[in-house]
Amino acid sequence: MPLIRSITRIDMLAIMVNLTIGGGIYALPAEVFAKSGVWSITAMLVCAAVVSLIVACFAEVGSRFTSTGGSLVYAQEAFGPFAGFMTGWLSLVLRMVSMAAIGNIAVSYAGFFFPALQPQSTLAMGLVCTLLVLLAVVNYTGIQ
């Protein structure tokens with residue numbers, strides 16, 4: 001079965017912006033400001049410059065491969081099958097941890113309006129799990 005390339009350049013740009021910014025944009029600025037004060041804007045700009053170098057490297061490497069797989073393919077080609085295998089597993093773990101973090105941030109923000117959702121409460125953890133299961137169901141249904 002041939003690979004259907006149905007994602008346009010605009011779609012790919014939106015996906016990359018989402019992956020780069022992610023859910024951290026909701027909690028990170030407040031944390032950076034709490035730790036660095038007035039230097040927080042400078043710190044964010046320096047970090048953005050460093051991340052843009054990494055993004056440029058991925059763009060360059062991505063233009064040299066026609067197969068799918070992203071960083072897994074790049075690592076496997078450069079360092080062998082074990083590095084590709086480990087990159088794939090680390091990518092899976094990263095996605096699970098980041099989804100849990102985003103769910104936790106969402107519920108902690110809801111806790112501002114609903115005091116029963118205090119961090120680490122049973123109700124908050126149940127809501128995080130419910131939110132993640134709901135998103136998984138929506139994703140699975142959308143794939144079909």
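One-based numbering along the sequence shown.
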Check the hydrophobic clustering (I, L, V, M, F, W, Y; side-chain heavy atoms under 4.5 Å; chains of links allowed) and say if [X] and [Y] are grouped together.
X    : Y    : value
F85  : L90  : no
L117 : F113 : yes
L72  : L92  : no

For the residue pair S67 and V73, what are the closest heavy atoms and their distance?
OG-CG1, 3.6 Å

Run the numbers on V137 and Y140 for side-chain contact (heavy atoms from CB on, under 4.5 Å), then give the verdict.
CA-CA 5 Å; V137 168; Y140 180 74; 5.7 Å; no

When the side chains of residues 33-47 are checked against the rest of the protein, which donor-acceptor pairs come out under 3.5 Å, sequence neighbours left out?
from : atom 1 : to  : atom 2 : distance (Å)
S36  : OG     : V32 : O      : 2.7
S40  : OG     : G37 : O      : 3.0

Exercise answer: donor-acceptor pairs, residues 121-133 side-chain atoms, under 3.5 Å, sequence neighbours excluded:
from : atom 1 : to   : atom 2 : distance (Å)
S121 : OG     : Q118 : O      : 2.9
S121 : OG     : A124 : N      : 3.1
T130 : OG1    : G126 : O      : 2.8

If you group Ile, Leu, Val, Met, Phe, Trp and Tyr whenever their side-chain heavy atoms sit less than 4.5 Å apart, what else falls in with L134?
none

Using a 4.5 Å cut-off between side-chain heavy atoms of Ile, Leu, Val, Met, Phe, Trp and Tyr, which other residues end up in the same hydrophobic cluster as L94?
none

Show every donor-acceptor pair shorter than 3.5 Å between a side-chain atom in residues 49-64 and any protein atom, with sequence neighbours excluded, or say none if there are none.
from : atom 1 : to  : atom 2 : distance (Å)
S52  : OG     : A48 : O      : 3.4
S52  : OG     : A49 : O      : 2.6
E60  : OE2    : R64 : NE     : 3.1
E60  : OE2    : R64 : NH2    : 2.5
S63  : OG     : E60 : O      : 2.7

Scan residues 73-88 for pairs that pass side chain to side chain donor-acceptor pair (under 3.5 Å), counting only residues two or more places apart or in two chains.
none

Does F65, at its CZ atom, have more than 12 non-hydrogen atoms belonging to other residues, nucleotides or ligands within less than 6.0 Å?
yes

